[in-house]
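Would you mind keeping the following structure in view while I ask a few things?
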Amino acid sequence: MTEQILPDQVHDVVIIGSGPAGYTAAVYTARANLSPVVLAGSVTAGGELMNTTEVENFPGFPEGIQGPDLMMNMEAQARRFGADIRHEDATEVKLEGTVKEITLGSGGVLHARSVILATGSAYRELGVPGEKELSGHGVSWCATCDGFFFREQVIAVVGGGDSAMEEALFLTKFASKVYVIHRRDQLRASQIMADRAKANEKIEFIWNSEVTEVRGEGQVSQLGMRSTVDDTESSLEVTGLFIAIGHDPRVGLFKDQLELTEDGTLQVDGRTSKTSLPGVFAAGDVLDPHYRQAITAAGSGCVAALDVEHYLADTADSDAAETRAAQPASV
Ligand code: NAP
């Protein structure tokens with residue numbers, strides 16, 4: 001039997017995700033009196049910036065700001081305008097139709113006229129033997145969380161992008177030496193980050209190399225390595241491995257209901273946030289394979305909020321027109 005939904009149980013907008021995209025969408029929709037419900041996640045509220053240190057390039061903070069502080073500010077700003085922020089996960093969504101259904105980890109169900117998907121992206125794994133087994137025992141995806149445990153140790157970071165440079169630089173505060181293992185001989189990182197890493201005496205680059213295995217009995221002790229130039233095998237003695245090889249969009253919850261791009265991100269209509277289903281909008285890394293900055297995610301959250309406002313106004317207009325058309329003409 002279909003559950004009967006009373007009008008006052010249907011929210012105008014539910015936002016799934018609490019990074020810069022989700023919180024910005026929350027600030028805008030709250031200020032538009034749409035009383036957004038934000039599903040911020042049961043464990044990881046605040047998104048990836050909660051795992052970072054200083055953010056130097058978010059406009060408005062000339063001295064920089066710590067990632068977690070920035071996210072707590074955004075959350076407070078959204079709350080100030082009445083956003084209902086819940087530390088809950090969405091475990092299932094039904095996005096077809098005019099009323100969307102979102103099942104919560106706690107077992108409840110929310111109904112909404114519109115949904116903003118701002119689920120971000122997840123750390124990529126190497127997919128080599130030993131990686132999963134030694135995760136938490138020397139293998140990590142978060143230098144700010146785990147760097148402290150590697151005081152005076154020799155460790156490695158794999159990756160050649162900004163994240164790898166940032167992780168490596170941060171880890172030099174603790175480790176005695178940090179190898180950066182990159183599969184090519186040129187970095188993908190921005191010039192400023194690359195220059196900083198290259199200038200740091202504790203960092204040594206291992207070019208044209210990939211990690212083939214993480215070895216150790218209960219704790220990382222050695223990496224199996226292979227040259228990407230001539231396939232020569234070697235090994236490297238380290239007690240920690242930080243993996244910083246990018247991210248994949250988190251689309252698992254809704255990938256069967258919405259169109260995706262070749263990159264696996266959510267397909268949206270041009271520069272809007274409109275996905276392939278009416279009333280369903282996307283914001284942040286989940287739709288962005290290229291830019292992936294805190295500020296672009298925040299901008300994208302703003303776009304989604306404005307699109308939601310227009311969508312709800314348009315659907316309210318057409319509902320009113322239908323009601324008028326159904327009424328007998330007055331004399
Ligand atoms: P990214 O730019 O996509 O870089 C990923 C790196 O990992 C690349 O060097 C790539 O190698 C390597 N890689 C990918 N898959 C691999 C595999 N299976 N094995 C070995 N290496 C692999 O990702 P990111 O560094 O996470 O950065 C993402 C975005 O966030 C970027 O736009 C970046 O600018 C931004 N970001 C900015 C800052 C900052 O400004 N402070 C900090 C962090 C991130 P190839 O180069 O060969 O492809």
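Numbering of ligands and ligand atoms starts at 1, following listing order.
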Candidate with minimal heavy-atom separation from atom 4 (O) of ligand 1, of Met193, Arg188, Glu56, Glu210 =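 Heavy atom nearest to atom 4 (O) of ligand 1 belongs to Arg188.
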message = Please list the nearest protein heavy atom to atom 19 (N) of ligand 1 with its residue and the distance rounded to 0.1 Å.
response =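 Here the nearest protein heavy atom works out to Leu126 CD2, 3.8 Å.
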inquiry  = Tell me whether Arg151 forms a cation-pi arrangement with Phe174, defined as NZ or CZ under 6.0 Å from the six-membered ring centre and within 45 degrees of its axis.
reply    =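 So Arg151 doesn't make the cation-pi contact.
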request  = Mind checking the CD-OG spacing from Glu309 to Ser114? Nearest 0.5 Å is all I need.
outcome  =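 Answer for the CD-OG pair, Glu309 versus Ser114, is 10.5 Å.
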task = Quick one: look up the protein heavy atom nearest atom 15 (N) of ligand 1 and list residue, atom name and how far away it is.
result = Arg183 NH1, 3.6 Å
ask   = Which residue holds the protein heavy atom closest to atom 31 (C) of ligand 1, what is that atom called, and what is the gap in Å?
value =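 Result: Gln293 NE2, 3.9 Å.
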request  = Evaluate the side-chain proximity of Arg113 to Lys100: yes if any heavy-atom separation is below 4.5 Å, no if none is.
outcome  = no
His247 and ligand 1 - part of the residue with a heavy-atom distance under 4.0 Å =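 The part of His247 near ligand 1 is the side chain, not the backbone.
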task = For Asn57, counting its heavy atoms only, list the atoms of ligand 1 lying under 4.0 Å from any of them.
result =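 Contacts of ligand 1 toward Asn57, numbered from 1: 40 (O).
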key: Arg86/Glu75 salt bridge by N-O under 4.0 Å criterion   = no
query = So, does Arg184 sit close enough to ligand 1 that a heavy atom of it is under 4.0 Å from the ligand?
reply =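 For ligand 1, residue contact (heavy atoms, under 4.0 Å) with Arg184 is present.
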key: For atom 36 (N) of ligand 1, the protein heavy atom that lies nearest, with its residue and separation   =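 Ranked first by proximity to atom 36 (N) of ligand 1 is Asp162 CB, 3.7 Å.
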task = Please identify which atoms of ligand 1 are closer than 4.0 Å to at least one heavy atom of Glu166.
result = 41 (N), 42 (C)
message = What I want to find out is whether Arg226 reaches Glu210 closely enough, with some N-O distance under 4.0 Å, to be called a salt bridge.
response =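 Salt bridge: yes.
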note = closest protein heavy atom to atom 26 (O) of ligand 1 is Ser163 OG, 2.6 Å
message = Test: side chain to side chain donor-acceptor pair (under 3.5 Å). Region: residues 268-281. Which pairs qualify, not counting sequence neighbours?
response =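 Every pair satisfying side chain to side chain donor-acceptor pair (under 3.5 Å) with a residue in residues 268-281: Ser273-Asp307.
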task = Among all protein heavy atoms, pick out the one at the shortest distance from atom 30 (O) of ligand 1; state its residue, atom name and that distance to 0.1 Å.
result =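 Minimum-distance protein heavy atom for atom 30 (O) of ligand 1 reads Arg292 O, 3.5 Å.
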ask   = What protein heavy atom sits nearest atom 23 (O) of ligand 1, and how far off is it?
value =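 Closest protein heavy atom to atom 23 (O) of ligand 1: Gly246 CA, 3.6 Å.
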Fellow cluster residues of Val139, listed by chain then number, with links counted only when side-chain atoms sit under 4.5 Å apart =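 For the cluster that includes Val139, the remaining residues are Tyr123, Leu126, Val128, Leu134, Trp141, Val154, Val158, Tyr179, Ile181, Ile206, Val211, Val214, Val220, Leu223, Met225, Leu236, Val238, Leu241, Ile243, Ile245.
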query = Of the backbone atoms (N, CA, C, O) and the side-chain heavy atoms from C-beta on, which set of His182 has a member under 4.0 Å from an atom of ligand 1: side chain, backbone, both, or neither?
reply = side chain
ask   = Can you find a side-chain donor-acceptor pair between Thr91 and Asp89 that sits under 3.5 Å?
value =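 Per modelled atom types, Thr91 and Asp89 side chains form no pair under 3.5 Å.
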task = Return yes if a side-chain donor-acceptor contact under 3.5 Å exists between Asp162 and Ser190, otherwise no.
result = yes
task = May I ask you to identify, for Val211, whether its side chain, its backbone, both or neither come under 4.0 Å of ligand 1 on a heavy-atom basis?
result = neither
message = Side chain or backbone, does Gly160 bring an N or O within less than 3.5 Å of an N or O on ligand 1?
response =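 Yes, there is a polar N/O contact under 3.5 Å.
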inquiry  = Can you give me the closest heavy-atom contact between Pro20 and Ala294, atom names plus distance?
reply    = CB-O, 3.5 Å
query = In terms of atom number and element, which parts of ligand 1 are under 4.0 angstrom from non-hydrogen atoms of Tyr291?
reply =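 Going through ligand 1 atom by atom, the ones under 4.0 Å from Tyr291 are 32 (O).
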task = Would you check, one step at a time, whether the test salt bridge (Lys or Arg N to Asp or Glu O under 4.0 Å) holds for Glu56 with Arg196?
result = CA-CA 14 Å; Glu56 292 179 332; Arg196 273 186 206 167; 3.3 Å; yes
query = Among protein heavy atoms, which lies nearest atom 7 (O) of ligand 1, and at what distance?
reply = Ile245 CA, 3.2 Å
